[in-house]
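Just so we're clear, the structure is a prediction, and the values are computed from it rather than from any experiment.
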Amino acid sequence: MPDDFERMWSDLAPLGRSAATGGYFRQPFTGVDGELRSWFVEQAERRGLAVEGDAFGNLVAWWRPVDGADRRGVLTGSHLDSVLDGGAYDGPLGVVSALAAVDVLRSRGFVPSRPVGVSVFAEEEGSRFGRACMGSRLATGDLSWAVARELRDRDGVFLADALAAVPGVDPSGAESGAAGVGTAGVGTALADRVECFVELHVEQGRDLVDRGAAVGVASEIWPHGRYRFDFTGSANHAGTTRMEDREDPMLTYARTALAANEQARAAGQRATFGRLEVAPNGTNAIPSRVTAWLDARASTDAALGDLVEAIAAQATERAGEDGTALEVTPESVTAAVVFDPGLAARVAADHEGGDWPVIPTMAGHDAGILSAAGIPTAMLFVRNPTVVSHSPAEHAEIADCLVGVSALADTLARLAR
Ligand SMILES: [Zn+2]
């Protein structure tokens, strides 16, 4: 069984990996995404699982028992896309572990009393169309197709056109509304067809490292959001424009980035500007416009609102001093998610060596979207010794991954008994 895990892991290792950085570029609905999908379908078929897809590029491979095939299923899985230059584990670890857990259960002679599905949600990272958990949001109705169809990637490609280019995906099903979306089984009918969802994920913080535990269970996800800050000023010559005559939006942005850092640091929260677009983006010109994206996270919905408001207020004040203007647009905001406490306790209890720790996370996941849609949801985390994520340095030891697989198998056995 460990061989299967390692074989699957080494199959995936070269797909989308940059030779220059060792990191992954697995953007959704691209050529490499097609390779990842083909790999998943092949693994599912090898196990005799029935693969279903929906209009949004989400996939589920079902293990349907002879008795109980029509009952609501237990869903597990994660995503295969990555951030730009991401790590190997964020996403794929949950998919590979889910397939391996099915193998473990079968080798134990376990027969589920309800379907067990292995899911791959599309565009979880939001690296192409800017919406985190886009596939699960569309599948649960949290994001409407009317809004999503207007989304474009950095090259101006519409989501519908990107989806239409994926073999087996027909976004026209989404056009007809809820009826069309549900037909493949992972659309709006998701909550009706799924009893509960368990997502295994590499840990992205340091909790498990500090506790010396290989595996943990999630209690909650912090509320988080993405906000676009458009700073506008006046383009002018970098040499002939006196310093005191400038209306420089880069300066307002820079001071905003510093203020955001101070603000979040003082309150034990998170604020990050990680993406920037500058126009005209010339070395010898004062920019006319700087667009910066803020990623903000806090322990409560109110605290998140206060944090973003405080950053925006300081930025607006700076803009007044710099002669520039600012507009702030929330692009995607996710409320706090508290996972089903009974389910978390059931997942965490009674293991060899005692209960697993139950810990919060500051990272968003498809599990949060399904939980918010009313599906009882749990998450398992596998220790990440580097404590680095969304970067090539992200890591998990194989021994810990195998503890994760057996933890997931135990959990599925309890839920699908
Ligand atoms: Zn992830």
Side-chain angles (χ1 to χ4, degrees), residues 2-44 46 57 59 77-100 120-132 134-135 152-157 161-163 165-167 169 200-205 209 272-278 281 283 293 295 363 365 382-402 404:
D3 292 356
D4 285 349
F5 180 91
E6 290 185 67
R7 198 173 305 124
M8 284 191 278
W9 200 249
S10 58
D11 282 352
L12 284 179
L15 302 183
R17 185 167 59 195
S18 154
T21 67
Y24 286 89
F25 290 82
R26 291 169 169 170
Q27 273 52 71
F29 322 127
T30 58
V32 66
D33 184 55
E35 291 179 58
L36 292 160
R37 287 167 178 278
S38 300
W39 172 85
F40 177 73
V41 170
E42 189 194 313
Q43 292 296 324
R46 189 179 288 177
L59 293 169
S78 192
H79 60 96
L80 292 174
D81 66 315
S82 74
V83 295
L84 300 170
D85 208 15
Y89 296 83
D90 180 347
L93 183 61
V95 176
V96 170
S97 297
L99 292 166
V120 176
F121 287 106
E123 174 116 44
E124 193 273 345
E125 301 289 6
S127 67
R128 184 164 175 193
F129 290 96
R131 297 297 168 106
M134 191 177 74
R152 293 174 186 237
D153 70 8
R154 292 167 204 234
D155 298 325
V157 177
D161 295 329
L163 280 168
V166 180
V169 174
L200 179 145
H201 206 277
V202 68
E203 204 207 353
Q204 293 166 291
V209 172
T272 307
F273 282 101
R275 179 180 167 200
L276 209 58
E277 280 176 9
V278 181
N281 209 22
T283 305
W293 281 262
D295 176 306
H365 300 286
V382 171
R383 172 169 53 193
N384 173 2
T386 64
V387 198
V388 175
S389 186
H390 283 185
S391 141
E394 183 181 276
H395 188 65
E397 295 294 340
I398 195 82
D400 287 355
C401 293
L402 295 177

Do [X] side-chain atoms and [Y] backbone N/O form a donor-acceptor pair below 3.5 Å?
{"X": "S391", "Y": "G86", "result": "no"}
{"X": "E124", "Y": "H79", "result": "no"}
{"X": "S127", "Y": "L84", "result": "no"}
{"X": "N384", "Y": "E203", "result": "yes"}
{"X": "Q27", "Y": "S82", "result": "yes"}
{"X": "D33", "Y": "D81", "result": "no"}
{"X": "E123", "Y": "F129", "result": "yes"}

Item checked: Contacts of type salt bridge (charged side-chain N to carboxylate O under 4.0 Å, His left out), residue R26, not counting sequence neighbours -> none
Side chain proximity check, [X] to [Y], heavy atoms < 4.5 angstrom:
{"X": "P28", "Y": "M134", "result": "no"}
{"X": "E42", "Y": "R37", "result": "no"}
{"X": "F5", "Y": "S97", "result": "yes"}
{"X": "S78", "Y": "V120", "result": "no"}
{"X": "L80", "Y": "F121", "result": "no"}
{"X": "T30", "Y": "R128", "result": "yes"}
{"X": "P392", "Y": "D85", "result": "yes"}

Checklist line | Evaluation steps, side-chain hydrogen bond (donor to acceptor under 3.5 Å, both in side chains), between D90 and H201 | finding: CA-CA 6 Å; D90 180 347; H201 206 277; 2.7 Å; yes
Specify the closest pair of heavy atoms between [X] and [Y], including all atoms of both residues, with the distance to one decimal.
{"X": "A396", "Y": "V382", "value": "CB-CG1, 4.3 Å"}
{"X": "V278", "Y": "N281", "value": "O-CB, 3.1 Å"}
{"X": "G156", "Y": "R152", "value": "O-NH1, 3.3 Å"}

Next item on the list: Go through the structure and list residues passing ring-ring contact (aromatic ring centres under 6.0 Å, His included) with H390, not counting sequence neighbours.
Entry: none
Margin query: Holding to ring-ring contact (aromatic ring centres under 6.0 Å, His included), I want the full list of residues that pass it with F25, two or more places apart in sequence or in another chain.
Written below: none
Next item on the list: Report the residues that fulfil side-chain hydrogen bond (donor to acceptor under 3.5 Å, both in side chains) with T272, sequence neighbours left out, ordered by chain and then residue number.
Entry: none
Checklist line | F29/V157 under side-chain contact (heavy atoms from CB on, under 4.5 Å): CA gap, chis, key distance, verdict | finding: CA-CA 11 Å; F29 322 127; V157 177; over 6 Å; no
Sequence neighbours left out, cut at 3.5 Å: what donor-acceptor pairs do the side chains of residues 8-16 make with other protein atoms?
residue: S10; atom: OG; partner: E6; partner atom: O; Å: 3.1
residue: S10; atom: OG; partner: R7; partner atom: O; Å: 3.1
residue: D11; atom: OD2; partner: W39; partner atom: NE1; Å: 3.2

Next item on the list: Please work out which of the three classes, parallel, tilted or perpendicular, describes the rings of H395 and Y89, given edges at 30° and 60°.
Entry: perpendicular
Next item on the list: For S38, enumerate each residue passing the side-chain contact (heavy atoms from CB on, under 4.5 Å) test, keeping only those at least two apart in sequence or located in another chain.
Entry: none
